[in-house]
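What follows is a single structure, written as structure tokens, with notes after it.
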Protein chains: 2
Amino acid sequence: MLAKNNSQVQILPMKTAKKRLSEKKITLVDVANASGVSAITVSRVINQPEKVSESLRIQVQKAIDSLGYIPNQHASSLASSKSRVIGVAIPSLSNIVFTEVLRGIYEVMGANGYKVLLVDTHYSPLEEEKMIRTLLSQSPEGLIITGGDQTKACQNFLTKARIPIVQIMELLADPIDMNVGFAHGRAGYDVVKHLIGQGYERIGFIGARMDPRVQQRMQGYKLALEQMGKFDKNLIVTTPEPSSIGVGGELFKSLMASTNGVVDAVFCVNDDLALGALFEAQRMNINVPQDLAICGFNDIEAAAYVNPSLTSVSVGRYEMGVKAADMIIRVLNEKPIESRKVDMGYEIKKRVSTSRL
Amino acid sequence: MLAKNNSQVQILPMKTAKKRLSEKKITLVDVANASGVSAITVSRVINQPEKVSESLRIQVQKAIDSLGYIPNQHASSLASSKSRVIGVAIPSLSNIVFTEVLRGIYEVMGANGYKVLLVDTHYSPLEEEKMIRTLLSQSPEGLIITGGDQTKACQNFLTKARIPIVQIMELLADPIDMNVGFAHGRAGYDVVKHLIGQGYERIGFIGARMDPRVQQRMQGYKLALEQMGKFDKNLIVTTPEPSSIGVGGELFKSLMASTNGVVDAVFCVNDDLALGALFEAQRMNINVPQDLAICGFNDIEAAAYVNPSLTSVSVGRYEMGVKAADMIIRVLNEKPIESRKVDMGYEIKKRVSTSRL
DNA sequence: AACGCAAATGATAGCGCAACCATTGTGCTT
DNA sequence: AAGCACAATGGTTGCGCTATCATTTGCGTT
């Protein structure tokens, strides 16, 4: 039907027909001509309708509708150097963690008339640099990016960009501009404390992907155990692979095999791994929580409903997205923000999987 | 540090300094001056490097890097009427179904140098119309949208857009342009056949959100039972709320309560609902699959790992995204496509939750 | 009645880039 | 040695819109 009909354009019989209907994109000027006003007035009807008298406004709007005019955002952005675009860079599209943050971002940005240009960095700082370059070429008015492990070059042109930037997910010592996140290390530490408090002794660790935030959780785990003289590096099992329920089951099996079952608790860096471990434990007829505690991270919905229910660390992902987006909007509107750094906190949801009877 | 330093601009001491470093955005012309070539040559170095001699290319590239030049995509798009943007409209960001389709789309589009502008229509045709209008104002070179229930107005300007468009998720009788999906009605029909084949008799239905595709699954369910004279509308429990594990549990309880437990199988329109029903059944001490079969839809990862494993309908979501993106790319490159309509099919993954011993 | 002031509308220029066509230079053919 | 093809580079123009600065109109003030 459509799609690349360059040919059709060339077939036009010389310069005969003025312009075949719907052949050419209609512009502001077309609308202006059709409604008998100047181009700038049409522009105002679209962008500052309150500055145009009601009669004219209606008249112009009628022309816009009947012609099916759709403004060219590129021309508008070029002329006004306002793109109404916010760039967002996340490491993975398929991770529910980021999906929910995104939801928060979209909610706020949509309500404020901003489009979101989203890129996926695949957990690679180099890819991230490339992607952020792409984002910047769209002249975004603000940027939301994940974590703090940008390349030097990237930090460099980010600083020069002169737009509000929020780094999300983790708390950074020295953010580029603004920062919203929570303390992954402390969360890991607190999880261990909780397990110890429940009377578990030999606490294993299961991790996948091992991105910076997962590493921090592991450091917290390590620190807590070291402080009690209970750290044993043999109880740590990790893989660079992405997390999944399947991987969780495999890592759990491998942990149990390599430790001959001395482990009586497992801290999984996310709920997928934890569910995998739980399901695998059930298949191995290990009694959770009597013989084994399992703790996850992120508190996805399934954690509360699975049997036995899964202890997990709840973090306000949606709220984090909302907060980050809101900070950008506030800065763009020159409203004050309380702080450049926001700690969203977390909460350990204590459930059956870590409660010895 | 940065963020809205308009003030700084005005503070500039008259016209003293030529231009404070990094005060003004640097453009193609700046790069041209810095490297002693014309603007158009710089443009070529960026867009058609093979047309520039190696020596010049290196020289220009050096200037680009040292100045930290980032092209203005709006100007480029305006001048060339090529945006390198593909618009994507999905009904929900938080639904894993769409997330995986998105992954496929991003994969292909990224590899081909296209950016993705993503909007969320919240399952509302009116919102969709607004959002697609927004997309079109970015002059995307192609569009991927969900389903076929666009408003008349929307269909209208979509048809006029003269760009390749793929409608995804479901099979449409009369697509706007191209179409990739699978037959939801037939899938629902086949699920019932499978349950009957396993010896289950009274098959309930649990549905949430009830978007067009869920409705089609329900119609398939209904048709199959009607053909066997076993349809009973009292066995259908639905809600307009979004799906979730929690809602699945609630609907299951309500189904069991209203039917006094005569139901011996439940078809849930997605796996979240099915997991909710399964977990709830476990809490009610109902034996799955002996006393009750549960079948989900989408085959999310948990389905294969939960105990008992959950029968579900597997659909190639990632592949659907890849396919849709690939069709767009092919059309843009004027390569042939096999067909305007592609049926991705589906497969019922028969697992323990529907296998009577 | 003359003035001023604000609201409503218009004319002009330019945002940064690439399309288009022109020009120059290089190496080859005959 | 003259001619030619083609690769490499540059000048000019305009994409569609909005910022900026006029200009016009209406209306209240003294």
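Naming: A, B, ... by sequence-line order, numbering from 1 per chain.
Listed by residue number, the members of residues 32-59 of chain A with any heavy atom below 4.0 angstrom from DNA chain C are A/Val37, A/Ser38, A/Ile40, A/Thr41, A/Arg44, A/Val52, A/Ser53, A/Leu56.
The separation between B/Leu78 atom CG and D/dT13 atom C1' is 13 Å, rounded to whole Å. Atom CG in A/Leu28 sits roughly 19 Å away from atom P in C/dC15 (whole-Å rounding). The separation between B/Gln73 atom CD and D/dG16 atom P is 17 Å, rounded to whole Å. When rounded to the nearest whole Å, the span between CG of A/Asn72 and P of D/dC15 equals 12 Å. In this structure, A/Lys25 atom NZ and D/dG16 atom P are separated by 7 Å, rounded to whole Å. Distance A/Lys82 NZ to D/dT18 P: 10 Å, rounded to the nearest Å.
Although no hydrogens or angles enter the test, the distance criterion places no donor-acceptor pair under 3.5 Å between the side chain of A/Glu170 and the main chain of A/Gln167. Distance alone, capped at 3.5 Å, is enough to place a donor-acceptor pair between the A/Arg330 side chain and the A/Pro336 backbone. Side-chain atoms of A/Tyr106 do not come within 3.5 Å of backbone N or O of A/Gly321 as any donor-acceptor pair. Put simply, the side chain of A/Gln59 gets close to the backbone of A/Ser35: a donor and an acceptor are under 3.5 Å apart. Between the side chain of B/Asn72 and the backbone N or O of B/His74, at least one donor-acceptor pair lies under 3.5 Å.
Comparing the end axes of the helix from C/dA1-D/dT30 to C/dT30-D/dA1, each fitted to five base pairs by superposing C1' atoms of four pairs onto the next four, gives an inter-axis angle of 40° (nearest 10 degrees).
Tested against A/Arg340 for a side chain to side chain contact (heavy atoms under 4.5 Å, CB included), the candidates A/Asp177, A/Val180, A/Asn179 yield a single pass: A/Asp177.
Residue A/Tyr69 has no polar side-chain atom (N or O) positioned under 4.0 Å from OP1 or OP2 of D/dG16.
The shortest side-chain heavy-atom distance between B/Met169 and B/Met320 falls under the 4.5 Å cut-off.
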Listed pairs under 3.5 Å, donor-acceptor, residues 78-90 of chain A side chains, sequence neighbours left out:
unit_1: A/Ser80; atom_1: OG; unit_2: A/Ser76; atom_2: O; d: 2.7
unit_1: A/Ser80; atom_1: OG; unit_2: A/Lys82; atom_2: N; d: 3.2
unit_1: A/Ser83; atom_1: OG; unit_2: A/Val85; atom_2: N; d: 3.3
unit_1: A/Ser83; atom_1: OG; unit_2: A/Ser139; atom_2: O; d: 2.5
unit_1: A/Arg84; atom_1: NH1; unit_2: A/Asn112; atom_2: O; d: 3.3
unit_1: A/Arg84; atom_1: NH2; unit_2: A/Tyr114; atom_2: OH; d: 3.4

